[in-house]
There are 2 protein chains.
Amino acid sequence: MTDKKIFELHADVCKALGHPLRIEVIDLLQDKELCFTDILEVTGGLKSNLSQHLSVMTKKGILKSRRDGQCTYFSLSSKKVAQACRLMREVLIDNLKKHQTLIDKL
Amino acid sequence: MTDKKIFELHADVCKALGHPLRIEVIDLLQDKELCFTDILEVTGGLKSNLSQHLSVMTKKGILKSRRDGQCTYFSLSSKKVAQACRLMREVLIDNLKKHQTLIDKL
DNA sequence: GGTCATTGTTTAAATGTTTAATAGTTCACA
DNA sequence: TGTGAACTATTAAACATTTAAACAATGACC
């Protein structure tokens, strides 16, 4: 596989992190499995919208889903997703702190 | 700060990883600083495009840039960016392997 | 079995965002 | 003043997101 193709696939997986609702879902699923309705209850919004976002995340391989009776349960495909997400959160927090430090100096 | 606001900012930082060229740049800058022209030489494409992507990454706080004379040098703002990026690459590779295993079974 | 409510998924249209390409600008310095 | 290095502005095309409505699958109840 060419490098450029890898970069495309890699970016595609990363894109799945690039939406507030999807970050919220990853946060929710850190250490547990939840069903669609449970997730919807926390995130709010339209069910069709949530369903589409969950479907994107599942297609890109960052979530797993399984159906049990009436309910569909979702979970992270791997702890690596949660770890990566936490690291990026830290990058954000570090930046916010740096920014605050700058403001304080003025 | 409300949770929803955090999710937005967090997603915004993650978005910076969501483009093949930007992944390539992060890969390139894993352990060193490079100037614009060096990066352009590796990635190819238009100067203006690279400049825009680097500017996005810098604004979102995942790159640092410093100007030295005629050249602008870029580096990762933190090793956490490289780590997160590597984790997501592993998620991708794991998925590709799973996919291949499925194919093999048929 | 037939009917009904619950759980999600799918689809399609409207809207919003991102990107690539082009052209033009700024800056440092020889 | 000319040149190379990088940034900025603009715009059209591509892509992602939201919404609402229609649809499918399951299980409960009679």
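The structure displayed is predicted, hence computed values, not measured ones. Here is the naming used below: chain letters follow the sequence lines, and residue numbers restart at 1 for every chain.
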Inset, instruction - Using the side chain to side chain contact (heavy atoms under 4.5 Å, CB included) rule, pick out the option among A:E33, A:K32, A:R67 that qualifies with A:Y73. - result: A:E33
Legend entry - Toward the 5' end of DNA chain C, by each residue's nearest nucleotide, B:N49 or B:Q70: B:N49
Legend entry - OP1 or OP2 of C:dA20 under 4.0 Å from side-chain N/O of B:H19: yes
Legend entry - Atom-pair distance (CD1 on B:I39; C1' on D:dA5), nearest Å: 13 Å
Legend entry - Phosphate OP1/OP2 of C:dA20 contacted by B:H53 side-chain N/O (<4.0 Å): yes
Legend entry - B:L50 CG - C:dT18 P separation (whole Å): 19 Å
Inset, instruction - Provide, to the nearest angstrom, the distance between the CD atom belonging to B:E8 and the C1' atom belonging to D:dT17. - result: 14 Å
Legend entry - Pairing of A:D27 and A:R89 as salt bridge, 4.0 angstrom limit: yes
Legend entry - For atom CZ of A:R67 and atom C1' of C:dT6, their distance in whole Å: 11 Å
Legend entry - Separation of A:L54 CG from A:L21 CG (nearest 0.5 Å): 7.5 Å
Legend entry - 5' precedence on DNA chain C between B:G18 and A:S65 (nearest-nucleotide basis): A:S65
Inset, instruction - Could you check whether A:S51 gets within reach of a base, just the sugar-phosphate, or nothing at all, counting any heavy atom under 4.0 Å? - result: base
Inset, instruction - Rounded to the nearest angstrom, tell me the gap between atom CD in B:Q52 and atom P in D:dA9. - result: 10 Å
Inset, instruction - Return no unless some side-chain N or O of B:R22 is found under 4.0 Å from OP1 or OP2 of C:dT19. - result: yes
Legend entry - Other residues, nucleotides, ligands: >12 heavy atoms within 6.0 Å of B:E41 CD: no
Legend entry - Value in whole Å for how far the C1' atom of D:dA5 lies from CG of B:D68: 13 Å
Legend entry - Closest-nucleotide 5' rank along DNA chain D - winner of A:D12 and A:L46: A:D12
Inset, instruction - Would you mind classifying the nucleic acid contact of B:S48 as base, sugar-phosphate or nothing, using non-hydrogen atoms under 4.0 angstrom? - result: base
Legend entry - Euclidean distance, atom OH of residue A:Y73 to atom C1' of D:dT26 [Å, nearest integer]: 13 Å
Legend entry - Side-chain N or O of B:K47 closer than 4.0 Å to phosphate OP1/OP2 of D:dC7: no
Legend entry - Ionic contact status for A:K79 with A:D31, cut-off 4.0 Å: no
Legend entry - Interatomic distance where CG belongs to A:L63 and P belongs to C:dT9 [whole Å]: 11 Å
